[in-house]
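One structure is given below, encoded as structure tokens.
Index from 1, following the sequence. The figures here come from the full heavy-atom set of this structure, side chains too, leaving out hydrogens, waters and symmetry mates.
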Amino acid sequence: MDANVRKKIVDDENLHQDHKSGVLHACMGKEDEEAVKSAFKGYAEGNRLVGLAQLDCEDDQYLGHIKTLESVARYLSQKLRDEAGENSGFEEHRIAEHLRSMSLPEKSLPRREATAWFEEEVFSRFPYYVVSGRPSWVFEGQDGDARKLLSSEDCSSLPCRLGLPDPMLWGDPPYSYPRGIEFVGFAFKGANLVSVRRPTALDGDYDSVKKIWKPGGRTEPLPHGPEEMLSKGGLDEAVCEPVHLSEGIENVYLFEN
């Protein structure tokens, strides 16, 4: 196991000693790092959401979640086309356009039409469609309302401050920060989220723990990001059970990093 990953696991006060020993033992004696990654993944997948620090969210609190628009459109398009057929009209570009419309002002006709489309075409088929796997990673706004941050001029810095995009888009060392990627953000009412906890190393994957994640419950900005973004620092983060897309569809935000 990489020494940096081991230290993060050992130093994490949010992770019970039994889980520390468990993941270290699972990875012990592996011949190479690929084998370690596989062992880490196997143990972590059975031990998500085990952080000792559980959060009690207030009724008026909103937590945020972002991912690339391309990934949201791709997965949702595939899900719909698997159910309705390849020629059903659920192409990625159509999904993306509906999401863009969802981010328009509340009184906008295109926004209302997009909301109706999601209700009729998506939620009628998949009422429990989730925005991410288990666990869902969410971030807190400084004033308890992530909607304000997602709609502010600072939203373009969010991916960098949250450690995104993921390592596969970094390129080769020395890493560069990719720009012009379109992101979609969602805000979820905290009181509706289940099992909200501060994350442990077991909530992520091996590469993200190795390269970015640090114990303490706060995001780690990409080290190779622009200085004006790095200076804003990280944000308080949490993990929870997968969140339904329908719970955030009233608070959708589109922006480029």
Side-chain angles (χ1 to χ4, degrees), residues 2 4-5 7-8 11-12 14 55 61-74 96 99-100 102-105 131-133 135-188 190 196 198-201 203-240 243 248 251-257:
D2 179 82
N4 191 35
V5 176
K7 185 176 189 309
K8 290 178 182 181
D11 291 349
D12 189 0
N14 190 35
L55 278 65
Q61 186 175 1
Y62 282 82
L63 289 91
H65 175 86
I66 69 171
K67 56 185 0 109
T68 64
L69 176 61
E70 185 271 337
S71 66
V72 176
R74 182 176 70 250
L99 286 166
R100 289 190 184 95
M102 290 301 305
S103 68
L104 297 174
V131 297
S132 69
S136 289
W137 288 72
V138 292
F139 64 89
E140 298 182 55
Q142 292 180 338
D143 57 359
D145 192 344
R147 296 175 300 177
K148 296 179 181 178
L149 185 53
L150 283 165
S151 60
S152 73
E153 293 182 355
D154 285 338
C155 64
S156 63
S157 69
L158 274 175
C160 178
R161 297 173 68 188
L162 297 174
L164 298 172
D166 56 52
M168 69 178 182
L169 297 178
W170 292 5
D172 298 322
Y175 302 122
S176 61
Y177 182 67
R179 301 296 295 266
I181 298 175
E182 199 167 11
F183 281 82
V184 57
F186 303 94
F188 302 100
V196 187
R198 294 299 180 201
T200 74
D203 291 310
D205 61 49
Y206 186 88
D207 281 337
S208 65
V209 172
K210 179 180 178 180
K211 295 182 178 181
I212 305 175
W213 184 82
K214 289 184 179 179
R218 195 166 177 83
T219 67
E220 186 68 15
L222 288 181
H224 51 280
E227 179 56 37
E228 66 271 17
M229 296 183 182
L230 295 178
S231 64
K232 298 179 184 297
L235 294 161
D236 289 334
E237 65 180 345
V239 288
C240 60
V243 187
N251 297 291
V252 178
Y253 307 85
L254 266 290
F255 57 91
E256 289 188 3
N257 69 334

Note, [X] side chain near [Y] side chain (heavy atom, < 4.5 Å):
| X | Y | answer |
| --- | --- | --- |
| L55 | E140 | yes |
| P159 | I66 | yes |
| R100 | L69 | yes |
| P199 | W213 | yes |
| N251 | L150 | no |
| V243 | F186 | no |
| V131 | V72 | no |
| R198 | D236 | yes |

To check you understand the geometry: which heavy-atom pair defines the closest contact between [X] and [Y], and what is its length?
| X | Y | answer |
| --- | --- | --- |
| Y253 | S151 | CE2-CB, 3.8 Å |
| T219 | E237 | CG2-OE1, 3.4 Å |
| A201 | D12 | N-OD2, 4.0 Å |
| P226 | Y177 | CD-CD2, 3.4 Å |
| L230 | G225 | CD1-O, 3.3 Å |
| M229 | N257 | CE-C, 4.5 Å |

Legend entry - D2 and Y206 side chains, donor-acceptor separation under 3.5 Å: no
To the nearest 0.5 Å, how far apart are [atom1] in [X] and [atom2] in [Y]?
| X | Y | atom1 | atom2 | result |
| --- | --- | --- | --- | --- |
| I181 | L164 | CD1 | CG | 9.5 Å |
| S152 | L158 | OG | CG | 7.0 Å |
| S136 | H65 | OG | NE2 | 6.0 Å |
| E256 | S156 | CD | OG | 9.5 Å |
| K214 | D11 | NZ | CG | 11.5 Å |

Legend entry - Identified side-chain hydrogen bond (donor to acceptor under 3.5 Å, both in side chains) counterpart of D145 within the set Q142, K148, R147: R147
Inset, instruction - Count the heavy atoms of every other residue, nucleotide or ligand shown that sit under 6.0 Å from NZ of K211, and state whether that count exceeds 12. - result: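 Enclosed.
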Inset, instruction - Begin from the C-alpha positions of L162 and W137 and carry the test side-chain contact (heavy atoms from CB on, under 4.5 Å) through to its verdict. - result: CA-CA 10 Å; L162 297 174; W137 288 72; over 6 Å; no
Inset, instruction - Identify, with sequence neighbours excluded, every residue that meets side chain to side chain contact (heavy atoms under 4.5 Å, CB included) alongside D205. - result: D207, S208
Inset, instruction - Name all residues meeting the side chain to side chain contact (heavy atoms under 4.5 Å, CB included) criterion together with E153; count only those two or more places apart in sequence or in a different chain, and write none if there are none. - result: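 Here no residue qualifies.
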Legend entry - Basic-acidic side-chain contact under 4.0 Å: E220, K210: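 The answer is no: the pair does not qualify as a salt bridge.
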Legend entry - All side chain to side chain donor-acceptor pair (under 3.5 Å) counterparts of R179, not counting sequence neighbours: none
Inset, instruction - Measure up the F255 and F183 rings against each other and bin them: parallel (under 30°), tilted (30 to 60°), perpendicular (over 60°). - result: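 The rings of F255 and F183 lie parallel, inter-plane angle below 30°.
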